[in-house]
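The structure displayed is predicted, hence computed values, not measured ones. Protein chains get the first letters and strands the later ones, always in sequence-line order, with residue 1 at the start of each. Atom set for the values below is all heavy atoms of this structure, side chains included, hydrogens, waters and symmetry mates excluded.
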Protein chains: 2
Amino acid sequence: MELDPIDKALLNLLQQDSKQTNKALAYRLDMSVTAIFERIKKLENNGVLKKYVALVDHKVVDKNFSAFCHIKLAQHSRDFVVKFEKEVAKLPEVLECHHISGDYDYLLKVVVKDMEAFREFMVNKLTSIQHIGSTHSMFVINEVKNSTALELA
Amino acid sequence: MELDPIDKALLNLLQQDSKQTNKALAYRLDMSVTAIFERIKKLENNGVLKKYVALVDHKVVDKNFSAFCHIKLAQHSRDFVVKFEKEVAKLPEVLECHHISGDYDYLLKVVVKDMEAFREFMVNKLTSIQHIGSTHSMFVINEVKNSTALELA
DNA sequence: GCTGAAAGGTATGGAGG
DNA sequence: CCTCCATACCTTTCAGC
């Protein structure tokens with residue numbers, strides 16, 4: 001799908017705040033409410049707008065500990081890889097799992113309550129997945145920036 | 001703020017899909033629409049619900065290349081650290097910046113169009129920030145999981 | 001803190017340029 | 001691809017429990 005400058009401006013606004021009314025969006029982009037409505041529907045139907053989510057404050061909900069875990073598999077046969085990815089995706093503590101280049105195979109972002117919960121997670125959940133070779137964890141000391149928005153120009 | 005089990009169920013639902021109507025949420029949680037409305041307003045006012053955002057498909061908007069960059073500062077005096085964090089937070093290609101434990105000081109998530117755009121970003125934007133000692137980049141081969149939702153039990 | 005109804009605003013669909 | 005208009009639905013408020 002081709003995105004014109006108005007689509008991109010609209011996506012930038014919705015990535016910042018998806019609760020704006022179509023009326024407010026129409027005012028900002030100097031268009032009619034219906035025009036905005038049709039563009040949004042088109043972007044949704046074409047899969048450009050994937051989903052709308054609420055973001056919660058990690059501190060307030062008592063999940064104020066984040067870590068990044070490198071993981072190396074013990075074996076890399078197709079079946080093991082598929083199995084590992086399926087298992088790890090099921091863990092709610094794992095917000096992200098990326099297959100990456102470099103010394104390790106995967107990079108995981110793990111969010112839990114505190115260091116003790118993290119230890120619990122490592123011992124009882126992560127390392128109980130078969131075929132994990134080695135792990136290396138880095139703890140987040142401070143979150144300087146954490147955004148979900150891509151700047152569309 | 002104390003969260004009761006209904007608050008947590010509500011937050012779990014809104015983290016999955018923030019466009020559900022209060023009516024739909026009321027039905028799922030077996031409560032009145034007004035009760036849902038009041039709980040959401042309270043969660044918003046207390047900063048538990050931080051913001052509502054639309055998520056776009058990286059592929060469709062031509063940002064289908066992600067990398068994680070480790071960064072080590074050349075010097076760690078307070079002024080340099082503050083300056084670095086401020087500068088890096090301004091870069092739209094940097095979605096996340098975490099101050100982490102370990103061999104490096106920071107871990108960045110960078111999202112751009114392709115490898116060439118990444119090279120461009122590194123040469124012209126990132127490494128033009130003062131006081132960066134060394135960098136080490138890992139490229140995302142495949143995104144196994146990418147979620148923003150914390151499971152509240 | 002919850003309910004139900006009432007009021008106002010917004011999203012949605014159709015007719016037409 | 002846009003605007004204007006009509007209606008259905010949703011959010012928001014308020015009185016009362």
Side-chain angles (χ1 to χ4, degrees), chain A residues 1-63 113 148-153, chain B residues 1-63 113 148-153:
Chain A
M1 179 191 180
E2 277 302 310
L3 302 174
D4 69 16
I6 298 177
D7 287 325
K8 291 181 180 175
L10 186 52
L11 289 170
N12 282 333
L13 290 171
L14 289 172
Q15 284 184 104
Q16 306 284 344
D17 176 10
S18 63
K19 274 249 158 135
Q20 294 172 85
T21 62
N22 290 352
K23 191 178 174 182
L25 293 166
Y27 179 75
R28 277 166 171 274
L29 299 178
D30 196 24
M31 302 212 301
S32 74
V33 173
T34 309
I36 295 290
F37 174 74
E38 285 175 350
R39 279 175 181 269
I40 291 177
K41 278 291 164 273
K42 190 172 173 186
L43 291 166
E44 286 173 356
N45 292 336
N46 290 7
V48 185
L49 281 166
K50 245 193 319 195
K51 64 191 306 200
Y52 299 90
V53 300
L55 302 181
V56 306
D57 189 302
H58 290 202
K59 246 178 252 124
V60 187
V61 298
D62 217 17
K63 304 270 183 191
K113 180 183 178 187
T148 55
L150 304 175
E151 189 184 65
L152 306 180
Chain B
M1 179 192 180
E2 276 303 309
L3 301 174
D4 70 16
I6 298 178
D7 288 326
K8 290 181 180 176
L10 187 52
L11 289 170
N12 283 332
L13 290 171
L14 289 172
Q15 283 184 103
Q16 306 283 344
D17 177 10
S18 61
K19 274 248 156 138
Q20 295 172 83
T21 63
N22 290 351
K23 190 179 174 182
L25 292 166
Y27 179 76
R28 277 167 172 273
L29 299 179
D30 197 24
M31 301 212 301
S32 74
V33 174
T34 308
I36 295 290
F37 174 76
E38 286 175 349
R39 278 176 181 268
I40 291 177
K41 278 291 163 274
K42 189 171 174 187
L43 291 166
E44 288 172 354
N45 292 336
N46 289 5
V48 185
L49 281 166
K50 244 192 317 193
K51 62 192 306 198
Y52 300 91
V53 301
L55 302 180
V56 304
D57 189 303
H58 290 202
K59 248 180 249 117
V60 187
V61 298
D62 217 18
K63 303 271 183 190
K113 179 183 178 186
T148 54
L150 305 175
E151 189 185 67
L152 306 179

Check: Roughly how far, to the nearest 0.5 Å, is the CG atom of B:Leu3 from the CG atom of B:Leu11?
Finding: 6.0 Å
Check: Going from CG on A:Leu14 to CG on A:Leu25, what distance comes out if it is rounded to the nearest 0.5 angstrom?
Finding: 5.5 Å
Margin query: If you take any heavy atom closer than 4.0 Å to DNA chain D, which residues from residues 6-14 of chain B end up in contact?
Written below: none
Notebook entry, point to check: Is there side-chain contact between B:Glu38 and B:Thr34, with heavy atoms separated by less than 4.5 Å?
Noted result: yes
Note to self: Quick check: do B:Leu152 and B:Asp7 have side-chain heavy atoms less than 4.5 Å from each other?
What the structure shows: no
Notebook entry, point to check: Quick one: side-chain contact (heavy atoms from CB on, under 4.5 Å) partners of A:Asn46, sequence neighbours excluded?
Noted result: A:Met1, A:Lys42, A:Val48
Next item on the list: Apply side-chain contact (heavy atoms from CB on, under 4.5 Å) to B:Tyr27 and list each qualifying residue two or more places apart in sequence or on a separate chain.
Entry: none
Next item on the list: Could you tell me from which nucleotide to which nucleotide of DNA chain D, 5' to 3', there is an atom under 4.0 Å from chain A heavy atoms?
Entry: D:dC1 to D:dC5
Without placing hydrogens or testing angles, list every side-chain donor-acceptor pair under 3.5 Å for residues 51-60 of chain A, not counting sequence neighbours.
residue : atom : partner : partner atom : Å
A:Tyr52 : OH   : A:Glu44 : OE2          : 2.6
A:Asp57 : OD1  : A:Lys59 : N            : 2.8
A:Asp57 : OD1  : A:Val60 : N            : 3.3

Item checked: Bend angle of the helix from C:dG1-D:dC17 to C:dG17-D:dC1, from helix axes over five pairs at each end, nearest 10° -> 20°
How would you list, by chain and number, every residue that makes a salt bridge (charged side-chain N to carboxylate O under 4.0 Å, His left out) with [X], sequence neighbours excluded?
| X | answer |
| --- | --- |
| B:Lys19 | none |
| B:Lys50 | none |
| A:Asp62 | A:Lys113 |

Item checked: Contacts of type side-chain hydrogen bond (donor to acceptor under 3.5 Å, both in side chains), residue B:Gln20, not counting sequence neighbours -> B:Arg28
Check: Residues in side-chain hydrogen bond (donor to acceptor under 3.5 Å, both in side chains) with A:Asp4, at least two apart?
Finding: A:Arg39
Note to self: Please classify the nucleic acid contact of B:Lys19 as base, sugar-phosphate, or nothing, using heavy-atom distances under 4.0 Å.
What the structure shows: nothing
Next item on the list: Produce a footprint string for nucleotides 6-17 of chain C: one letter per nucleotide, 5' end first; B if the base is under 4.0 Å from any protein heavy atom, S if only the sugar-phosphate is, - if neither.
Entry: ----SSSBB---
